[in-house]
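The structure presented is a predicted model; accordingly, all values stated were derived computationally and were not measured. Chain naming here is simple, since letters A, B, ... match the order of the sequence lines and numbering starts at 1 in each.
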Amino acid sequence: MEYNIQETEIHWQREWAKSKVFEAKLDSKKPKFYCLEMFPYPSGNMHMGHVRNYSIGDSMARFQRLMGKNVLYPMGYDSFGMPAENAAKKEQGHPHNVTHRNIASIRADQERMGYSYDWNRSLTTSDVEYYRWNQEIFLMLNEKGLVERRFAPVNWCNDCDTVLANEQVKNNRCWRCGLEVIQKDMAQWFLRMTDYSDQLLDELDNIVFPENVKSMQRNWIGRSKGVNIDFSIVGSNSIIEVFTTRPDTIFGSTFVTLSPEHPLCEELCKNTDWHEGWEKLRDECSKMSEFERINMLKDKKGVFLGRYAINPLSKEKVPIYAGNFVVASYGTGAVMAVPGHDQRDFDFAKKYNLPIKNVLFDEHAKNPDTNLDSAFEGYGPMINSSIKKFNGLKGEDAKSAIISELEKINSGKGTFQYRLKDWLLSRQRFWGTPIPMIHCELCGVVPVANSDLPIELPLDVIFNESQSGNPLDNHHDFINVKCPSCGKMAKRETDTMDTFYDSSWYFMRYCDANNTELPFRKETVDYWMKDGIDLYIGGIEHAVMHLLYARFFTKITRDLDMISIDEPFGRLVCQGMLNSPTPYCSECNVDYHVDFFDQKCPSCDILLTRRSAKMSKSLGNTVSPGEMVNIYGADTVRLFILFGANPEAGMDWSDSVLEANHRQIKSIMEAINTSLSMKVSANKMDSWIIAKLSKNRENWQNVMSNVSIREGVMISHFTMLSDWNWYRRRGGNNYQTALQFLEGWLPMLAPITPHLAEEFWHRMGHKELLAEFQLPENKIQINKDMVLEYENYLHKVIDSSRNVKGLAKRHTDSKITTMVIQTAPKWMYDLAREAIVLQSKYFDFKSKGIDHLKSLPIFKNEQIRGEIFKIWTNLTVGSKKKRGKIFTWSEDDKKLILNMFDESEFLLSNNSFIANELGLNLVRVYSVGEGLDVAGKAKVAFPLEPAIAFT
RNA sequence: GCUGGGAUACCCGAGCGGUCAAAGGGGCCGGACUUAAGCUCCGGUGGCAAGGCCUUCGUGGGUUCAAAUCCCACUCCCAGCACCA
């Protein structure tokens, strides 16, 4: 029967849309499943990475619908941000138009793939219907004291003309454009994320994230336990507060180092000869970019500030230095230097000839007495303490003893330090949510009144290439506004919000997307997000950006009593890279653009080989989803993507595999087609294929529930087909059975290849859509008549026959036409049953096996006593290399033996099939001793392993 | 340097104490079909005169009657962080 891929796929996509089957409705009686993909930035067409992301999500959404879950599966667009502004400049238009054009095109691509989104809930973050809630929530956060405006050094990107949050700076470069960032002092808006550091860190232990994501977030939050210690200054009332995680080394501190930017520096050396040196160091450090500074820091540098501090425990007087390696923004910006046990301090001490004291004993040192050539940074018992009672303490004990001593004398306090900083929220860009604040000369910074929301972005702005900065700054209607507090003319804030703010709560908005009164109803979000989003799929690149912000946002909205959820994401899956062949020079270790295939390396002139590299525009090794869908259809592309690798693994694009998958789809359709034109003729294989169906389905449900999609596909699209083919080969030809089989198989095909499944579901005569079908409980009873075990056995016999046939061929010149199968004699089955029964009672064969054998009646048969011994040993204890058969037989094998399975009878009834499979004229079967012992093979016969000979 | 994840046959990939020479797919080889190629179907794909034996799951040790699987050390790959005290 005809199957026009393009027409059929589009037809069912329309039917699904018409019937609104994917529109989710809150139903507290039904278990929910919230399936979500990280929403895209609409930059034009959908690329293969998107296809992978969404195909994973769609297969799970469709699977869970089949399982009877109330599935929420929405899609929307993260559409604020720089690229739209840049595009607007190029075409002298407005980002709003660029954005909506791009959304239309990516959405069309998504629809063509047949993804089962609830389009009714679609949202666009750059539309005022969405970003108005950003502003409303912002005011609530402000009310709560979580918003702060601070003058602080911030990361600035010259290309993007804006500040960046810490999380958006990678290797000192802008995450978007890659330009090196510089430091600027500016007044900026922050969200107090550090208030939540502990929660964000501790709850990582309880959520199902991939380990690498957890580890990255832990790293990023960077909590370290330590102590702030006060060093008083000789001849001054000021105090230097240092932070250390190693209080156990306090008696080894021989100097104190401040960061050059530390405010105490100037105070300490003012009007002294030391002032000039410090100033020089400070200027040198501040002038350099962070990148240069890090490089320079390999060479430690410092200046004496002319003053001394007092170690609060040892009371020793130690010099105070400013050092370029001390980071101003971490801890207190000051450290107690312990050159004996910190490599950085060690290097510094060597350079400036400062004393090095050994106060921890290195228990593993080879020569503890020799002079140190590096610091010992491990843990060891304290020695040489000026307060003797501490000597001998080690590790955590030592640390807490020192901390409590410091706390007792009021010179220190145990504390935690974090690497995490507050979230720098403001951006000097146009295309983002306006921050609802007003600057009044009289009243200062005043929040916009709730009733004046939303503050809309003006649409009457024309962008062009010559512009720089934020067009809002010059938009009179936008900036000039009355102060809500005093009524005088004031200026509106022109900074907009980081776009990560938009994506920090969009998943809550989806739950109640069309609410015009509220961002969302609490009860609605609580229903859909109970235990978090059930499956969240996206790229690893957001491990510490989006995923951390969204967790933070969930906690603050919870504390605003807007929801009752603690963590947004129940299970997170980060899909792997999509790679594709690329020209590669092994000599230079460089990938080249696909134009260079089979050419010579431009730099070293050797012939380029090829390897897999991440699909990227710059290498030109991308594959267009649209093109592939036009050739093969969406189902084939989906099958390829989902079968190519498990969601989290990287995968390689391969045209030949894609084609092979397309053939697989055609075979499936062919199989279904022929099955629909079968006759009603019963066959012993009918119960076999139905039993197989039941078993496969059980496995399939298990693996799919666990998002092991690749394994699932293997069952639904490969095993099921080969089982069906075996059924046909074994003479199955029953229309009734075929219908029953398809009734189970088509739903299994649907999550991965929904169009093909829907089409044949329809052709089977179903009136309702497969898309809204719920798979009934699996009620098929198997194993009553052991069909599976029989077929398994037959498979094995045919396999080993093929092997032996190969052997026989080599030993004979004449053509092989006949096979003789001799099954094991009855007494062997008796022994096997005896052994199996004993084994189930945990019988000790090693010590009691032989005695037991001797007590059996069969043992009286002296003629075969030797053979009985041998078989019993094979069955029970085995040999050095092989365990006894009763331990290697599967449960199915044992079941056959216990149920008096008659091998001869079974093989005989299938002899023509066996003959056919092996290309023989005749297959003779009998039990050992009941016929001629051809080729002397009788001796190898064993239960379930008949002797096989060819003539 | 620290943290996390890896290394399985020609390639991709499953397995994570015994039923493992190791699922499945790709590729390759052979057979059937066909006038032929393609498609499709069937079979093979570590070595060896082969129902057996030998060698193999990054390298080297160890535990065990038994190791791809558990333990220890090392090497290499990938990712994140990094003079963060």
Just to be sure I understand the rule, does [X] reach a base, reach only the sugar-phosphate, or reach nothing, if contact means heavy atoms closer than 4.0 Å?
{"X": "A:Asn219", "result": "base"}
{"X": "A:Pro946", "result": "base"}
{"X": "A:Gly650", "result": "sugar-phosphate"}

Per [X] side chain, nearest of listed nucleotides [options]:
{"X": "A:Ile948", "options": "B:G4, B:G51, B:A85", "result": "B:G51"}
{"X": "A:Asp342", "options": "B:C12, B:G80, B:A85", "result": "B:A85"}
{"X": "A:Trp220", "options": "B:C12, B:C81, B:A85", "result": "B:C81"}

First encountered from the 5' end of RNA chain B, between A:Arg802 and A:Val169: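 That would be A:Arg802.
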message: If you assign each of A:Lys666 and A:Ala334 to its closest nucleotide in RNA chain B, which residue comes earlier from the 5' end?
response: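 The answer here is A:Lys666.
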Tell me: [atom1] of [X] to [atom2] of [N], nearest whole Å?
{"X": "A:Arg730", "N": "B:C42", "atom1": "CZ", "atom2": "P", "value": "15 Å"}
{"X": "A:Phe640", "N": "B:C12", "atom1": "CZ", "atom2": "P", "value": "14 Å"}
{"X": "A:Lys805", "N": "B:C42", "atom1": "NZ", "atom2": "P", "value": "17 Å"}
{"X": "A:Glu917", "N": "B:A32", "atom1": "CD", "atom2": "C1'", "value": "12 Å"}
{"X": "A:Glu167", "N": "B:C81", "atom1": "CD", "atom2": "P", "value": "11 Å"}
{"X": "A:Lys796", "N": "B:G51", "atom1": "NZ", "atom2": "P", "value": "19 Å"}
{"X": "A:Asn916", "N": "B:C42", "atom1": "CG", "atom2": "P", "value": "13 Å"}
{"X": "A:Phe209", "N": "B:G4", "atom1": "CZ", "atom2": "P", "value": "18 Å"}

Separation of the [atom1] atoms in [N] and [M], to the nearest angstrom:
{"N": "B:U69", "M": "B:G51", "atom1": "P", "value": "29 Å"}
{"N": "B:C11", "M": "B:C16", "atom1": "C1'", "value": "23 Å"}
{"N": "B:G62", "M": "B:G15", "atom1": "P", "value": "29 Å"}
{"N": "B:G13", "M": "B:G18", "atom1": "P", "value": "23 Å"}
{"N": "B:U8", "M": "B:C57", "atom1": "P", "value": "11 Å"}
{"N": "B:U56", "M": "B:A21", "atom1": "C1'", "value": "8 Å"}
{"N": "B:C54", "M": "B:G61", "atom1": "C1'", "value": "23 Å"}
{"N": "B:U59", "M": "B:C10", "atom1": "C1'", "value": "22 Å"}

- prompt: Is there a donor-acceptor contact under 3.5 Å from the side chain of A:Thr332 to the main chain of A:Glu241?
  reply: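 Yes: the side chain of A:Thr332 pairs with the backbone of A:Glu241.
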Would you say [X] reaches [N]'s phosphate, i.e. side-chain N/O to OP1/OP2 under 4.0 Å?
{"X": "A:Ser667", "N": "B:C41", "value": "yes"}
{"X": "A:Arg218", "N": "B:C81", "value": "no"}
{"X": "A:Arg344", "N": "B:C84", "value": "yes"}

- request: Please evaluate the base of B:G4 for a donor-acceptor partner in the side chain of A:Lys214 within a cut-off of under 3.5 Å?
  value: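 No pair found.
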- request: May I ask you to verify whether the side chain of A:Arg246 and the base of B:A85 hold a donor-acceptor pair under 3.5 Å?
  value: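 Side chain to base: no pair below 3.5 Å.
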task: State yes or no: are the ring centers of A:Phe346 and A:Phe348 separated by less than 6.0 Å?
output: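 They do not qualify: ring centres at least 6.0 Å apart.
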message: Under 6.0 Å between ring centres: does that hold for A:Phe913 and A:Trp726?
response: yes
task: Take nucleotides 14-30 of chain B nucleotide by nucleotide from the 5' end and write B, S or -, depending on whether a protein heavy atom sits under 4.0 Å from the base, only from the sugar-phosphate, or from neither.
output: S---BB---BBSS----
Partner nucleotide, any strand, of [N] [Watson-Crick/G-U, under 3.5 Å]:
{"N": "B:A79", "value": "B:U3"}
{"N": "B:G17", "value": "none"}
{"N": "B:A49", "value": "none"}
{"N": "B:U59", "value": "B:A73"}
{"N": "B:U40", "value": "B:A32"}

Who are the salt bridge (charged side-chain N to carboxylate O under 4.0 Å, His left out) partners of [X], not counting sequence neighbours?
{"X": "A:Asp893", "value": "A:Lys796"}
{"X": "A:Arg246", "value": "A:Asp248"}
{"X": "A:Asp342", "value": "A:Arg344"}

Residue list, ring-ring contact (aromatic ring centres under 6.0 Å, His included) with A:Phe416, at least two apart or on another chain: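 Residues passing ring-ring contact (aromatic ring centres under 6.0 Å, His included) with A:Phe416: none at all.
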Taking distance alone, no hydrogens or angles, what donor-acceptor pairs closer than 3.5 Å link side-chain atoms of residues 707-714 of chain A to residues at least two apart or in another chain?
unit_1, atom_1, unit_2, atom_2, d
A:Arg710, NH1, A:Phe643, O, 2.8
A:Arg710, NH1, A:Gly644, O, 3.3

query: NZ of A:Lys666: more than 12 outside heavy atoms within 6.0 angstrom?
result: no
task: Salt-bridge test for A:Glu167 and A:Lys421: reply yes if a basic N is under 4.0 Å from a carboxylate O, no otherwise.
output: no
